[in-house]
J.: 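Next up is a structure, given as structure tokens.
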Amino acid sequence: MMPHEVIDVPAYILLTILGLAISFWGKQLARILSSIAFGAFLAYVTWFYTYSLWRSVALSTAFMLVAMIIGLFTGFLVFRLAVSMIFAYIVAGLITPGRETALFIILFILFTVIMYVLSKHILSLLFALTGSMMVFKGLTTLGLNILLAIIICGVIFTLGYYNQVKHRL
């Protein structure tokens, strides 16, 4: 006899809520996180080097704030490029046999350009799909009928994708 499995209801409710957020606003949330991370990175590097150079808290703080603002905007704007480059690196590495550096660089540039052009809709599609799959897992684990969960998640996927691309239509 198998022991009765305990379901962590709050965790699956949270999974469902996060799935909804990712389905509807995934690309925007990822862009915001990328912006914050790049802003923090640039602020840290600027603080580190300006303080080592001048040993002035005031100057380092001023430069750090400027760098943080620049980093926030840059991280927000280069989000698609960063994702495209990561994808291109992985695919080019899988395709390129051995150590053919020239072929790798050509494929890397080619796939970066292709993914960058396609990423407007592919990223939205992936976030909508990922979010709706999270909702499906949450709903079915919490006991909702699978067919009903598929219908609900199909609607969530469609509306989430539309919400992420509506300003481009």
Side-chain angles (χ1 to χ4, degrees), residues 1-48 61 64-65 67-95 108 111-169:
M1 183 171 196
M2 299 277 298
H4 183 51
E5 184 180 340
V6 177
I7 296 173
D8 187 358
V9 174
Y12 284 98
I13 290 172
L14 182 61
L15 177 70
T16 304
I17 293 168
L18 287 173
L20 281 169
I22 289 172
S23 184
F24 281 87
W25 305 288
K27 196 163 89 172
Q28 293 87 342
L29 292 171
R31 184 179 290 250
I32 290 167
L33 290 175
S34 169
S35 176
I36 292 169
F38 194 70
F41 168 75
L42 204 56
Y44 169 75
V45 169
T46 302
W47 169 269
F48 181 79
T61 302
M64 178 195 71
L65 291 173
M68 184 171 49
I69 291 168
I70 291 170
L72 288 170
F73 286 114
T74 305
F76 194 79
L77 296 174
V78 299
F79 169 70
R80 281 183 38 224
L81 180 61
V83 170
S84 300
M85 290 175 73
I86 292 168
F87 172 81
Y89 179 81
I90 292 169
V91 173
L94 291 172
I95 293 174
F108 173 74
F111 286 128
T112 298
V113 170
I114 290 170
M115 187 60 189
Y116 185 80
V117 170
L118 296 176
S119 68
K120 284 183 181 180
H121 292 292
I122 288 177
L123 289 174
S124 299
L125 184 74
L126 290 175
F127 281 118
L129 183 61
T130 301
S132 59
M133 290 173 69
M134 290 169 66
V135 171
F136 178 80
K137 179 65 175 171
L139 293 177
T140 55
T141 302
L142 292 171
L144 187 66
N145 177 289
I146 291 178
L147 182 60
L148 187 56
I150 289 172
I151 293 168
I152 290 170
C153 290
V155 170
I156 290 170
F157 169 77
T158 304
L159 294 175
Y161 178 73
Y162 173 75
N163 188 60
Q164 293 186 59
V165 298
K166 68 182 175 194
H167 62 280
R168 288 190 175 86
L169 298 177

J.: If you look at every heavy atom in Ala43 and Met68, which pair is closest and at what distance?
T.: CB-CB, 3.8 Å
J.: Is any side-chain heavy atom of Leu65 closer than 4.5 Å to one of Thr46?
T.: no
J.: Taking C-beta and beyond as the side chain, do Trp47 and Thr61 meet within less than 4.5 Å on heavy atoms?
T.: yes
J.: Are the side chains of Phe127 and Leu29 in touch, meaning some heavy atoms are under 4.5 Å apart?
T.: no
J.: Parallel under 30°, tilted from 30 to 60°, perpendicular over 60°: which one fits the rings of Tyr161 and Phe157?
T.: parallel
J.: Mind checking whether Met115 and Arg80 have side chains closer than 4.5 Å, heavy atoms only?
T.: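 When only atoms from C-beta onward are counted, Arg80 and Met115 do not touch, as no gap falls below 4.5 Å.
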J.: Nearest 0.5 Å please: distance from the OH atom of Tyr44 over to the CE atom of Met64.
T.: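 Separation between the atoms: 12.5 Å.
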J.: Determine the minimum heavy-atom distance between Gly19 and Val135, stating which atoms define it.
T.: C-CG2, 3.7 Å
J.: If you measure from CD1 on Ile122 to NZ on Lys27, what distance do you get to the nearest 0.5 Å?
T.: 11.0 Å
J.: Are Leu123 and Phe79 packed together at the side-chain level, in the sense that at least one heavy-atom pair is separated by less than 4.5 angstrom?
T.: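 Yes, their side chains come closer than 4.5 Å.
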J.: Nearest heavy-atom pair of Gly75 and Ser34: which atoms, and what distance?
T.: O-OG, 3.1 Å
J.: With a 4.5 Å limit on heavy-atom distance, are the side chains of Met134 and Thr16 in contact?
T.: no
J.: For Ser23 and Leu20, indicate whether the former's side chain and the latter's backbone hold a donor-acceptor pair under 3.5 Å.
T.: no
J.: Using 0.5 Å steps for rounding, measure from the CZ atom of Phe38 to the CG atom of Leu77.
T.: 10.5 Å
J.: Would you say that Phe111 contacts Ile90 through its side chain, given a criterion of any heavy-atom pair below 4.5 Å between the two side chains?
T.: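 No, every pair of side-chain atoms sits at 4.5 Å or beyond.
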J.: Less than 4.5 Å apart, any side-chain heavy atom of Ile152 and any of Leu139?
T.: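 Yes; the side chains approach each other to less than 4.5 Å.
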J.: Could you pull out the closest heavy-atom pair between Ile156 and Ser132, with the gap in Å?
T.: CG2-CB, 4.3 Å
J.: Is the backbone of Arg31 close enough, under 3.5 Å, to the side chain of Ser35 for a donor and an acceptor to pair up by distance?
T.: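 Such a contact is absent between Ser35 side chain and Arg31 backbone.
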J.: For the atom pair CG (Asp8) and CG (Leu142), what is the distance rounded to the nearest 0.5 Å?
T.: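 Rounded to the nearest 0.5 Å, the CG-CG separation comes to 9.5 Å.
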